[in-house]
Amino acid sequence: MPFTKYFEHRQCEKDIYRLWEESGAFRANADSGRPPFTISMPPPNATGTLHMGHAIGKAVEDLMIRWRRMSGDEALWVPGTDHAAIATESVVIRRLQAEGMKDPRSELGREELVSRIADFVTESRSSIRSQIRALGASCDWTRERYTMEPALNRCVNSVFARMFRDGLIYRGMRIVNWDPALQTTVSDDEIYYKDRQAEFYTMRYGPFLVGTSRPESKLGDTAVAVHPEDERWREHIGKTYEVAWPKGPTITVRVVGDRHVDPETGTGALGVTPAHSQIDFEIAQQHHLPLIQVIDEQGRMTKAAGPYAGMTVLQCRKAFVADLQEAGLMEKVESYVQPISLCYRSKQPIEPLPKKQWFIDVNKPAVLWEGKRQSLRQVMRSVVESGQIRLLPEHEEKTYFHWIDNLRDWCISRQIWWGHRVPVWYRGAKVSDGNVDQAEETYVGHRKPEGPGWVQDPDTLDTWFSSALWTWSTLADPQAALDEELDLDQILERSPDFQRFHPTAVMETAYDILFFWVARMILMTTYSTGQIPFHTVYLHGLILDRDGEKMSKSKPETCIDPLDTIEEYGADALRLAMVLGNSAGTDLKLGQDKIVACKRLINKIWNASKLVERTSEGRQDVELSREGVGHPLNQWMLTRRNALVQLVDRRMQAFAFGDAAEQVRSSFWGEFCDFYLEAIKVEELSKLPETVAVASRTLDDYLKLFHPFMPFLTEQVWGNLKRPGMIIRADWPRVDTALDWPQDANAVQAVVRAVAAVRSMRVEQGIDPGSPVNLRLEPRLNPSIFESCRAVIEKLARTSQLEITDGQPGEPDEKASVAVDEAWRISLSMSAADLEAERLRLAKQLEGGRKRLQSLQSRLENPGFLNNAPAQTVEAARADAAKLQATLEEIQGRLDSLG
RNA sequence: GGGCGGUUAGCUCAGUUGGUUAGAGCGUCUGCUUGACGUGCAGAAGGUCACAGGUUCGAAUCCUGUACCGCCCACCA
């Protein structure tokens, strides 16, 4: 695509991507001597579609990878997808149901359903892949991984087996978060709370009054708990009561004293339902109370509920309340706001139930880390506390510690079929209702044990269990991983990629999955590999719509779709919009206008490049050397380039990507386009061979600095300019001390200010922008530089006659308009200056300057400042004051002469 | 209830370890359209940095408190 009128992203993005990929630019070489820089791509749901969360993630990950790649690192970005257990299984089940199948699980059976889900994933996985490509992600597709592929499954099984051996995984009866809708348990992190209006019942309960919002659960009570020092109930502690409900059943409750009970809440007496409440379960364990399950996995009442058996929870509540009321046992019914727990996935209420499940013990000191036996919790804490892992933004570390402090054992087993199956086999087991109860033999390992009669545990593992291994399981050699004779350590020893690229450099993901994923990766990876998974965690914010709400398809009027945006504005504009003005952990309000603004920058770069190309057409290339660059303007440009390179590098190192991009943008637009490119249009400069070289060199470097943020545009321009190779593989700009003229650059900076001053004076004097003016410029120093820039000043300030004095400043013309700077005095002569405007302008300047001078002087008279401030700061203040003083005196003099 | 943030120009946000006159984009106003620019350029207006104390020679920046906004966690007695 030649340099058309504007950059047409549609015509080139796909081709450029293919070129990159085919050239091997994305491929990391495990054998190079370069320092490694690795990012594991957070695996998107294999069956998902691209949303704004992906867009910001890929934009940030890709810019880091491209930057490090250009900087000379062996940059590896491992892509992949996640099997997203619950999400995927429920999608497929819903589809089958839509096709008319009533109960896919029972009709198809386990094997068939799993195979259908696998097929569905294979079919739909290509869509997310191509969408990530559309963003321009320069990841190494030859190393793509999938959480459910055999090699990763092997890693999962081996880690499970090892944790089991170390006693870090155990099977236990606990109150779990049961989702009756999905028919599975979910972890503590997969539930959320929502307030809803509900009834609060206070009922007679033997000698007590007990409050509850779930009366039906009281059918399963086995105790009443009171605070041990509560005078009202003290005498009852230790006693046992039979409570006969109006229509049955009769329950036996013991009265226990427990400090967890708050005497101020409700009646001070708490009906303990061990089977259906986490807290009650803990109380029950402490006091060795029995447990009666009255609600089953379908959300219906069990036989233990007597006459209510078979009813749903809500039916039972209604009936039971009516019965209590009829019997006069209902003391009062109030309306209140009840927080209920819901499942993240199904958004349906969670039913706490007792169930035998697999857990990871986070408190057992069974991990050997840095020579000490520690618990998983301790290791997780120490790697962040010690700075081995850094979280960005930093304050997320506090959130992280807070989470660890409240962490309980992690329930990892799920009752769905799609996922990594628990690698445990039983022989001689009693299986009831899909649950394995007692087994004569249990075997845990990465493969099925020899011999007949072994039955595998029916449960699958929490998706996050396998994702937690992601940074290293993706680097394990697939061949080695499938060798059943090797153990985990041996597999990793034989995995060149793991040896070379792990720990990864940066984990980039959204802050809302800090607990789900980041924390679990730290937990699992330190344990299984003895290494941290990554050095730095960069957490990006959420993308909000223009109203500040999370972007959602249910609000189409404010929702911006990344794919539509790529189509309309291009991937570069979208990526830039994700990065500019954003920093780690900051939510991003995104409206169409920002994307449009980004598109304008893209177009600006396109057109500036076009201009540079035209200027250099038919001109010979000149090698840039210190001696070869003679014109101060060119020296200034190269010096500014150096300053920018240094600044950008510092910003990039500090993970301040938005800031870095902004620096490049403002320097490019303001210094390069608006000043330099305009200036070199004057013949005196454009005819110099060095000018072409400087313009090209500077443009090239801007393109490189822009490349991580706008890969497609910069690659296309690079090609159009016929630069060697591809920009994706070009060297990141470095500060070039040979091409640096700080002194002269300062003088040119004064020229820049002079031009701006003239422009400003013209407006104030109401001079037509088109009409030339006569200008006298009196430099305080470096007159030769001003002289060299004569043509530039003439053009940019539109002067007809320009007098540059080189010595004694004369008295300015009565009819002139005058401006003063530390480096010059300029006077604009006019047939009739608007003296009033002139006076006003000067007076205003004088006032501002005096204020500043005053503050400088008061500081310089302050012994505290002189004694405490660094010498440099004091010196700078002195110099500023002196310069300012001189300038102000001149302005004053001019004012006086105006009368 | 516990924790973590935020409050800077009309809007969206930067502001590096405290150090001149607090910045940008968008929007607004006034001109121009000069040889790359689906536009661009030039110039301008606009801020008591939420509030109150404190530390300091010096505070948007550090500390304490207050108000408002947001998020996370806990809570189904």
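Every chain is numbered from 1, with letters handed out A, B, ... down the list of sequences. This structure is a prediction, so every number in the text was calculated from the model and none was measured.
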So that I can tick it off, tell me whether [Y] and [X] are bridged by a salt bridge, with the cut-off set at under 4.0 angstrom between side-chain N and carboxylate O.
X	Y	value
A:Lys398	A:Glu396	no
A:Arg381	A:Asp405	yes
A:Glu847	A:Lys844	no
A:Lys681	A:Glu678	yes

In whole angstrom, give me the gap between the [atom1] atoms of [N] and [M].
N	M	atom1	value
B:rG18	B:rC73	C1'	34 Å
B:rG10	B:rU17	P	28 Å
B:rU7	B:rG15	P	10 Å
B:rG46	B:rU8	C1'	13 Å
B:rU48	B:rC11	P	13 Å
B:rC62	B:rC26	C1'	33 Å
B:rU61	B:rU16	C1'	11 Å

I want to verify a distance call: between [options], whose nearest atom is closest to the [X] side chain?
X	options	value
A:Ala869	B:rC73, B:rU12, B:rG19	B:rG19
A:Leu270	B:rA77, B:rG43, B:rG40	B:rA77
A:Cys673	B:rG3, B:rU20, B:rA36	B:rA36
A:Phe200	B:rA36, B:rA77, B:rA24	B:rA77
A:Trp669	B:rC41, B:rA14, B:rG19	B:rC41
A:Asp674	B:rA42, B:rC76, B:rU16	B:rA42
A:Phe515	B:rC73, B:rA42, B:rU39	B:rC73
A:Lys604	B:rU20, B:rC57, B:rG40	B:rG40
A:Lys844	B:rG19, B:rU20, B:rA45	B:rA45
A:Ser760	B:rA44, B:rU20, B:rC37	B:rA44

Grab the [atom1]-[atom2] distance between [X] and [N] for me, whole Å please.
X	N	atom1	atom2	result
A:Phe865	B:rG58	CZ	P	11 Å
A:Lys599	B:rC37	NZ	P	16 Å
A:Ile767	B:rG43	CD1	P	14 Å
A:Leu342	B:rA74	CG	P	13 Å
A:Tyr511	B:rC4	OH	C1'	11 Å
A:Leu407	B:rC72	CG	C1'	15 Å
A:Leu601	B:rA24	CG	P	16 Å
A:Leu611	B:rC41	CG	C1'	14 Å

Regarding [X], tell me which of base, sugar-phosphate or nothing describes its non-hydrogen contacts under 4.0 Å with the strands shown.
X	answer
A:Asn603	sugar-phosphate
A:Ala654	nothing
A:Arg759	sugar-phosphate
A:His227	nothing
A:Ala756	sugar-phosphate
A:Ser583	sugar-phosphate
A:Arg614	sugar-phosphate
A:Pro393	nothing
A:Asn862	sugar-phosphate
A:Val261	base
A:Arg762	nothing

Requested in this report: Could you list the residues that satisfy salt bridge (Lys or Arg N to Asp or Glu O under 4.0 Å) with A:Glu764, not counting sequence neighbours?
Outcome: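 So A:Glu764 forms a salt bridge (Lys or Arg N to Asp or Glu O under 4.0 Å) with A:Arg841.
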Query raised in the report: Among residues 676-684 of chain A, which contact RNA chain B at a heavy-atom distance under 4.0 Å?
Result: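 Hits under 4.0 Å, by residue number: A:Glu678, A:Lys681.
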Could you tell me whether [X] and [Y] have their ring centroids closer than 6.0 angstrom?
X	Y	result
A:Phe668	A:Phe706	yes
A:Tyr344	A:Phe516	yes
A:His276	A:Phe281	no
A:Phe515	A:Tyr400	no

Query raised in the report: Paired with B:rA44: which nucleotide, if any, by Watson-Crick or G-U wobble criteria at under 3.5 Å for both distances?
Result: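 Pairing partner: B:rU28.
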Does [X] place a side-chain N or O at less than 4.0 Å from the phosphate oxygens OP1/OP2 of [N]?
X	N	result
A:Ser609	B:rA36	no
A:Thr399	B:rC72	no
A:Lys594	B:rG25	no

**Report entry** Residue met sooner reading RNA chain B from 5', once A:Thr586 and A:Ala597 are mapped to nucleotides
**Finding:**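 So the residue in question is A:Thr586.
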**Report entry** A:Lys398 or A:Gly581, whichever maps to the more 5' nucleotide of RNA chain B
**Finding:**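 Per heavy-atom nearest nucleotide, the more 5' residue is A:Lys398.
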Report task. Sequence neighbours left out, what passes side chain to side chain donor-acceptor pair (under 3.5 Å) with A:Lys795? Give chain and number order. Result ->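 Scan of A:Lys795 (side chain to side chain donor-acceptor pair (under 3.5 Å), adjacent residues dropped) gives none.
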Query raised in the report: Around A:His260, counting heavy atoms of other residues, nucleotides and ligands shown, do more than 12 lie under 6.0 Å from its NE2?
Result: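 For A:His260, atom NE2 is not crowded (no more than 12 foreign heavy atoms under 6.0 Å).
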Query raised in the report: Is a donor-acceptor contact shorter than 3.5 angstrom present between the side chain of A:Arg651 and the base of B:rU16?
Result: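 A donor-acceptor contact between them is present.
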